[in-house]
K.L.:
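The structure follows.
Worth knowing before you read on, the calculation uses all heavy atoms, side chains too, and leaves out hydrogens, waters and symmetry mates.
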Amino acid sequence: MALKLGAYTACLHDRALTEALDVLRSNGLTSVEVNTGGFIPAPHCPVDLLLSSATAREEYLATFADRRMELTGLNCNGNPLNPLPGVGPKHADDLRRTIRLAGLLGVRHVVTMSGTPGSDPDARYPSWVVNPWDGVYMDVLDYQWGVAVEFWTEIDALARENDVRVAIEMHPHNVVFSPVTLKRLIDETGATNLGAEMDPSHLMWQGMDIVAAIKWLGPLVFHAAAKDAMLCPGADIRGVLDTSFTRVPADAPGKVPTGYGFWCNAWPENPAWKFVAVGIGHDVAYWTEFLRALAEVDPDMAVNIEHEDAAYSQTEGLALAAKNLNQAAAAV
């Protein structure tokens, strides 16, 4: 089993990088993914310094090597197509800088999201089309895909220039939120350096067969996240396309930013679905099949835990996920 098992360090942003790496290592993990911009800050990656200094890059990579760990991905999840002037342009610039940094560091993969434009050239806010049964929404999609193809053709060229592959997380609220839409982006851009980050959690609550999705995408799967999700009793009356969220006050401690002046909302008390630690929503046998399918695509692929289970602390949830993921890997 040569898959590189690790974690995305966003759940440990309150700790120094060295301490976060020690936590990962203590849980039997050797692969690391750090944030470089987009929705959230980048305390574990001084992007400006690393772009400007070869010495700083050498010292940064040594931080991982000294602990026998590998930096396998730079994460820049955001909405680079957002028409809001305080969001889209910044996220797009963060992505370009991340790609250049990945090339300089020798990190093969950048993880991000495709983004969502507005409904038309004059739109102020992004607009996600879910089910275009009404013909007017086909006009919206035609416009949005035109914007997306132009942007991602540019990004593909930049990635190719820097010998980097961009792995897109298929995430609702983005034009690319499924294997079908990921493949459409590749086909319409003619991309050589764009592919998928196989985060199964968002495909799970949409009702997809994860192993079938991996096999269907095949070599377009570049990188993976180990993140679990489960449907909840609230789905009985909400369905999975629920909008019953509530605003989080501006002065709330620990709010999660999504752009200048915007942050994540609060979930309903009885949600239709939720993120859970690896092994809680789907058992170890399920995760073994997940890893086996990934290994068939690339036996050296990085699979990084993304811990977002609110029922556990940062370290408890990460430890549980690592235990179950390592157990699944042992059975492959």
Side-chain angles (χ1 to χ4, degrees), residues 3 8 75 77 79 109 111-116 128-133 137 141 144-145 148 166-188 191 194-243 267 271-298 301-309 321 324-325 328 332:
L3 291 174
Y8 175 34
N75 190 304
N77 274 334
N79 185 354
H109 292 110
V111 177
T112 190
M113 296 175 186
S114 68
T116 307
W128 185 48
V129 176
V130 179
N131 189 341
W133 63 269
Y137 295 108
L141 284 173
Q144 291 182 324
W145 274 95
V166 178
I168 297 174
E169 180 178 346
M170 297 170 284
H171 194 299
H173 284 240
N174 289 264
V175 291
V176 171
F177 62 94
S178 65
V180 170
T181 49
L182 186 284
K183 184 66 162 54
R184 177 178 176 179
L185 184 67
I186 304 303
D187 289 344
E188 294 198 17
L194 302 181
E197 187 231 15
M198 180 50 67
D199 178 339
S201 62
H202 296 285
L203 307 189
M204 288 171 175
W205 66 259
Q206 292 183 78
M208 299 185 203
D209 182 324
I210 308 304
V211 170
I214 294 170
K215 291 182 177 180
W216 189 80
L217 286 170
L220 288 178
V221 179
F222 290 172
H223 193 81
K227 185 178 175 186
D228 209 344
M230 64 184 298
L231 293 181
C232 304
D236 292 348
I237 57 172
R238 298 182 185 280
V240 297
L241 299 177
D242 183 37
T243 60
W267 289 59
W273 60 273
K274 63 181 179 180
F275 297 126
V276 292
V278 172
I280 299 297
H282 297 79
D283 62 18
V284 169
Y286 181 98
W287 286 97
T288 296
E289 292 307 309
F290 173 74
L291 295 178
R292 183 174 289 123
L294 292 176
E296 289 176 0
V297 174
D298 178 3
M301 190 179 299
V303 185
N304 294 326
I305 294 165
E306 186 173 356
H307 170 50
E308 292 187 9
D309 189 334
N324 288 329
L325 190 65
V332 172

K.L.:
Please identify each residue that fulfils side chain to side chain donor-acceptor pair (under 3.5 Å) with K215, with sequence neighbours left out.
P.N.:
none
K.L.:
With S201, which residues qualify under side chain to side chain donor-acceptor pair (under 3.5 Å), at least two apart?
P.N.:
D199
K.L.:
Sequence neighbours excluded, which residues qualify as side-chain contact (heavy atoms from CB on, under 4.5 Å) partners of H109?
P.N.:
R165, F222, H223
K.L.:
What is the minimum heavy-atom distance between L217 and L182, and which atoms define it?
P.N.:
CD2-CD1, 4.0 Å
K.L.:
Which heavy atom in L185 sits nearest to a heavy atom in A148, and how many Å separate them?
P.N.:
CD1-O, 4.4 Å
K.L.:
Let me confirm one number: the CG-CE distance from N79 to M113, rounded to the nearest 0.5 Å.
P.N.:
9.5 Å
K.L.:
Atom CE of M170 and atom CD of E197: how far apart are they, to the nearest 0.5 Å?
P.N.:
8.0 Å
K.L.:
Scan the side chains in residues 232-240 for donor-acceptor partners under 3.5 Å anywhere in the protein, sequence neighbours excluded, and list what turns up.
P.N.:
{"unit_1": "R238", "atom_1": "NE", "unit_2": "N270", "atom_2": "O", "d": "2.8"}
{"unit_1": "R238", "atom_1": "NE", "unit_2": "N270", "atom_2": "OD1", "d": "3.4"}
{"unit_1": "R238", "atom_1": "NH1", "unit_2": "D242", "atom_2": "OD2", "d": "3.3"}
{"unit_1": "R238", "atom_1": "NH1", "unit_2": "S244", "atom_2": "OG", "d": "2.9"}
{"unit_1": "R238", "atom_1": "NH2", "unit_2": "N270", "atom_2": "OD1", "d": "2.5"}

K.L.:
Just to verify, what does E306 make a salt bridge (Lys or Arg N to Asp or Glu O under 4.0 Å) with, not counting sequence neighbours?
P.N.:
K227
K.L.:
Apply side chain to side chain donor-acceptor pair (under 3.5 Å) to W273 and list each qualifying residue two or more places apart in sequence or on a separate chain.
P.N.:
none
K.L.:
Identify, with sequence neighbours excluded, every residue that meets side-chain contact (heavy atoms from CB on, under 4.5 Å) alongside A191.
P.N.:
D156, I186, T189, L194
K.L.:
May I ask you to test the N77-V111 pair for a side-chain heavy-atom distance under 4.5 Å?
P.N.:
yes
K.L.:
Enter the distance from I168:CD1 to S114:OG here, rounded to the nearest 0.5 Å.
P.N.:
6.0 Å
K.L.:
Atom CD1 of I214 and atom CG of L294: how far apart are they, to the nearest 0.5 Å?
P.N.:
4.0 Å
K.L.:
Checking the side chain of N304 only, and the main-chain atoms of Y8 only, is there a donor and an acceptor separated by less than 3.5 Å?
P.N.:
no
K.L.:
Which pair of non-hydrogen atoms, one from A226 and one from V278, has the smallest distance, and what is that distance?
P.N.:
O-CG2, 3.5 Å
K.L.:
Please give me the minimum heavy-atom distance between L203 and A213, naming the atom from each residue.
P.N.:
CD1-CB, 4.4 Å
K.L.:
Restricting to side-chain contact (heavy atoms from CB on, under 4.5 Å), what partner residues turn up for V180, sequence neighbours left out?
P.N.:
S178, W216
K.L.:
For the residue pair T181 and W145, what are the closest heavy atoms and their distance?
P.N.:
O-CH2, 3.4 Å
K.L.:
Does M204 reach the side chain of D228, with side-chain heavy atoms less than 4.5 Å apart?
P.N.:
yes
K.L.:
What pair of heavy atoms forms the shortest contact from H202 to P172, and how long is it?
P.N.:
CB-CD, 3.7 Å
K.L.:
What's the spacing between F275 CZ and I280 CD1 if we round to 0.5 Å?
P.N.:
15.5 Å
K.L.:
With sequence neighbours excluded, what pairs up with W128 under the ring pair (Phe, Tyr, Trp, His ring centres under 6.0 Å) test?
P.N.:
H173, F177
K.L.:
Restricting to pairs with a member in residues 179-188, which pass salt bridge (Lys or Arg N to Asp or Glu O under 4.0 Å), not counting sequence neighbours?
P.N.:
K183-D187, R184-E188
K.L.:
Which residues satisfy the side-chain contact (heavy atoms from CB on, under 4.5 Å) test with A328, sequence neighbours excluded?
P.N.:
V284, W287, T288, L291
K.L.:
Sequence neighbours left out, what pairs pass salt bridge (Lys or Arg N to Asp or Glu O under 4.0 Å) with at least one residue falling in residues 280-289?
P.N.:
E289-R292
K.L.:
Within the supplied structure, the quantity of interest is the number of heavy atoms (other residues, nucleotides, ligands) at a distance under 6.0 Å from Y137 OH; does it exceed 12?
P.N.:
no
K.L.:
Under a 3.5 Å distance rule, please check whether D209 uses its side chain to pair with a backbone N or O of V211 as donor and acceptor.
P.N.:
yes
K.L.:
Rounded to the nearest 0.5 Å, how far does CE of M301 lie from CE of M198?
P.N.:
8.5 Å
K.L.:
Would you say the side chain of P200 lies within less than 4.5 Å of the side chain of H282, judging by non-hydrogen atoms?
P.N.:
no
